[in-house]
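Encoded as structure tokens, the structure appears first; notes follow it.
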There are 2 protein chains.
Amino acid sequence: MTEQPAPTTTAGDPATARGEQTRQLIRDTAMRLFRERGYAQTTMRAIAQEAGVAVGNAYYYFGSKDHLIQEFYAQSQVEHRAAAQPVLDREESFGARLAGVLHAGIDVLTPSHEFAATFFKTAAEPTSPLSPFSAESSGPREAAIALFAEVLDGSTAKVDADLRPQLPELLWLAYMGVVLYWVHDRSPGQTKTRQLIDGVVPLIDRLTALSRLRVLRPVTRQVLDLIRTLRH
Amino acid sequence: MTEQPAPTTTAGDPATARGEQTRQLIRDTAMRLFRERGYAQTTMRAIAQEAGVAVGNAYYYFGSKDHLIQEFYAQSQVEHRAAAQPVLDREESFGARLAGVLHAGIDVLTPSHEFAATFFKTAAEPTSPLSPFSAESSGPREAAIALFAEVLDGSTAKVDADLRPQLPELLWLAYMGVVLYWVHDRSPGQTKTRQLIDGVVPLIDRLTALSRLRVLRPVTRQVLDLIRTLRH
DNA sequence: CGCCCTTCTTGAACGCGTTCAACTACCGAC
DNA sequence: GTCGGTAGTTGAACGCGTTCAAGAAGGGCG
């Protein structure tokens, strides 16, 4: 419906391919509609119409409606990293850094809570490329794990030597748990999720510190052995 | 297509309503096709045709295709309870009982692994009545938690007094975690899930025992406080 | 038997995500 | 300039889950 202005004076990134503009247009339109109407209520026809293209054109750039979600992932991850920067600059203690980064993640996701809730079902399907554990999601996942490595590395925490290399991924897993809780969180403003973070961070802090304690070393070993067994 | 024999001599349960036969017929046909073809590949039209009824008739008994999954839940829960009985009769130690019940749960689910994997996405959606945390699923959920209460009650385990009342639900949560892992488990025969159970049960066993230890009592309190905060 | 009301059953129709054969726009090669 | 091939674009068509107005079946009651 809306006439697209001719893409004349876009001399900025000469490296962009011909269809890059259309791709971004479709992606941005989709993200906007998802946020406005929710995932299920946003039809591919509506996205195409609002973007001023044909339905099939959207499928030229994105394999399916679900694949548009992956754009949301990637975008969120970048925003999360940016939102975490001040915390990483400011805080030194492990607990404060971890809490800050977890809160930053939820901060970024909060505006999309309603729509995120409905699409997380797609992410939970193991066969789907959208699963956070899938190969297709390895990019954002690795970046997220790297973020938690920064949380650990920049901190003053003393951690069991064998646990340390595994910890970033475990922290990411904990973050996935927080997100899972957040998705189900029906409390106003998702206050409960904030309480979960504030409650679970001191626990993690305490447990990692205790991991060096003599009585707990066998348990620590047991946990690490199990993890090694389960990871291929 | 196939002629349905007239429901003449069904004098067995006089309490059953008129359409109860049709309901069961549709349910059983759906379960069979789900197992044979998978969830996505089984169309409502195919279910109706195989059952010898009209499409709309299936919707008279089941609100949606997803609602047929709930039948699968309920059925699985009953089978799980039955499969767990020998273990509960035989074993006395907490660890053996817990491991046995967890393995029994996976035993029951194993024949449906492929199809379960594709439908779990529906279960993960918070707004869906199919979520194991939803009100609609409270029946099977309560039954499952009661099963883990039996695991605990019949055992010789000594558990922190404050932890004990919370433990059955926590064990059920752990079971949900095992199922989540199982759903994603691509190892042949889901061997890894078995290893997860065998690895995590001694851990839980050890931690519940350690929960009475002086050094850990503050941590135990912290955990219990957090749980109380998050539960409403 | 005839009546009515509830329960059950039907299948065409709707809107959705997705596919694909056909078409157009662009650009380097000659 | 024009030719050819790649990249981009189109919209009708398909099969799906779901809905619903219409009708059939059954049973209690006069």
Side-chain angles (χ1 to χ4, degrees), chain A residues 1-8 10-11 14-27 29-30 33-34 37-70 118-119 121-122 125 128-130, chain B residues 1-8 10-11 14-27 29-30 33-34 37-70 118-119 121-122 125 128-130:
Chain A
M1 291 295 164
T2 47
E3 296 287 325
Q4 279 312 116
T8 46
T10 46
T16 55
R18 257 207 289 158
E20 192 59 25
Q21 280 190 56
T22 314
R23 184 193 180 86
Q24 287 180 23
L25 175 64
I26 292 169
R27 191 198 59 198
T29 308
L33 292 182
F34 284 166
R37 314 180 183 179
Y39 181 68
Q41 283 70 40
T42 303
T43 69
M44 290 300 284
R45 284 169 178 82
I47 294 171
Q49 186 176 335
E50 287 268 320
V53 299
V55 201
N57 200 194
Y59 283 90
Y60 182 77
Y61 292 102
F62 304 96
S64 71
K65 189 182 177 186
D66 288 353
H67 277 78
L68 282 163
I69 293 176
Q70 218 148 14
T118 61
F119 85 57
K121 66 165 188 176
T122 318
E125 189 184 15
S128 163
L130 292 165
Chain B
M1 291 295 165
T2 48
E3 297 286 325
Q4 280 311 117
T8 47
T10 45
T16 53
R18 257 207 289 156
E20 191 58 27
Q21 280 190 58
T22 314
R23 185 193 178 86
Q24 287 180 25
L25 175 64
I26 294 170
R27 190 198 61 198
T29 307
L33 291 183
F34 284 166
R37 314 180 183 177
Y39 181 67
Q41 283 70 38
T42 303
T43 69
M44 290 300 283
R45 285 169 177 81
I47 294 171
Q49 186 175 336
E50 286 269 319
V53 299
V55 201
N57 203 3
Y59 283 91
Y60 181 77
Y61 292 103
F62 304 96
S64 72
K65 189 182 176 186
D66 288 353
H67 277 78
L68 282 163
I69 294 176
Q70 217 148 15
T118 60
F119 85 56
K121 67 163 187 178
T122 317
E125 188 183 15
S128 162
L130 291 165

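Below, read A as the first sequence line, B as the second, and so on, with proteins coming before strands; counting in each chain starts at 1.
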Can you name the atoms? Protein N/O to nucleotides 10-14 of chain C N/O, anything below 3.5 Å, with the distance.
from   : atom 1 : to      : atom 2 : distance (Å)
C:dT10 : OP2    : B:Ala54 : N      : 2.7
C:dT10 : OP2    : B:Asn57 : ND2    : 3.4

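- Look at CG on B:Leu68: it is 11 Å from P on D:dG17, rounded to the nearest Å.
- To the nearest 0.5 angstrom, A:Ile69 atom CD1 is 8.0 Å from A:Ser64 atom OG.
- Residue order along DNA chain C, read from the 5' end via each residue's closest nucleotide, puts B:Tyr61 first among B:Tyr61 and A:Met44.
- For the pair B:Asp66 CG and D:dT18 P, the interatomic distance rounds to 6 Å; values are reported in whole Å.
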Set out, line by line, the N/O atom pairs under 3.5 Å between protein and nucleotides 22-25 of chain D.
none

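- Contact between A:Thr29 and A:Ile47 at its shortest, heavy atoms only, is CG2-O, 3.8 Å.
- Contact annotation: A:Thr22 side-chain N/O to D:dG8 OP1/OP2 distance is not under 4.0 Å.
- Across A:Ile26 and A:Ala58, no two heavy atoms sit closer than the pair CD1-CA, 3.8 Å.
- Atom CZ of A:Phe34 is separated from atom CG of A:Leu68 by 5.0 Å, given to the nearest 0.5 angstrom.
- The nearest pair of heavy atoms linking B:Ala51 to B:Leu25 is O-CD2, 3.2 Å.
- The CZ-P distance, from A:Arg23 to D:dA7, rounds to 14 Å in whole Å.
- Using a 4.0 Å cut-off, no side-chain N or O of B:Ser64 falls inside it from OP1 or OP2 of D:dG17.
- A:Arg27 places a side-chain heavy atom less than 4.5 Å from the side chain of A:Phe62.
- Remark: P of C:dT9 and OH of B:Tyr59 are 16 Å apart, rounded to the nearest angstrom.
- Protein atom NE2 of A:His67 is 13 Å distant from nucleotide atom C1' of C:dT18, rounded to whole Å.
- Distances from the side chain of A:Lys65 to the nucleotides C:dT18, C:dT9, D:dC16 place C:dT18 closest.
- No contact: A:Phe62 has no heavy atom under 4.0 Å from any strand.
- Taking all atoms of both residues into account, the shortest heavy-atom contact from B:Tyr39 to B:Lys65 is O-NZ, 2.9 Å.
- Cation-pi geometry between B:Arg23 and B:Tyr60 is not met: the NZ or CZ atom fails to fall both under 6.0 Å from the ring centre and inside 45° of the normal.
- A distance of 9.5 Å separates OG1 in B:Thr43 from CD in B:Glu50, rounded to the nearest 0.5 Å.
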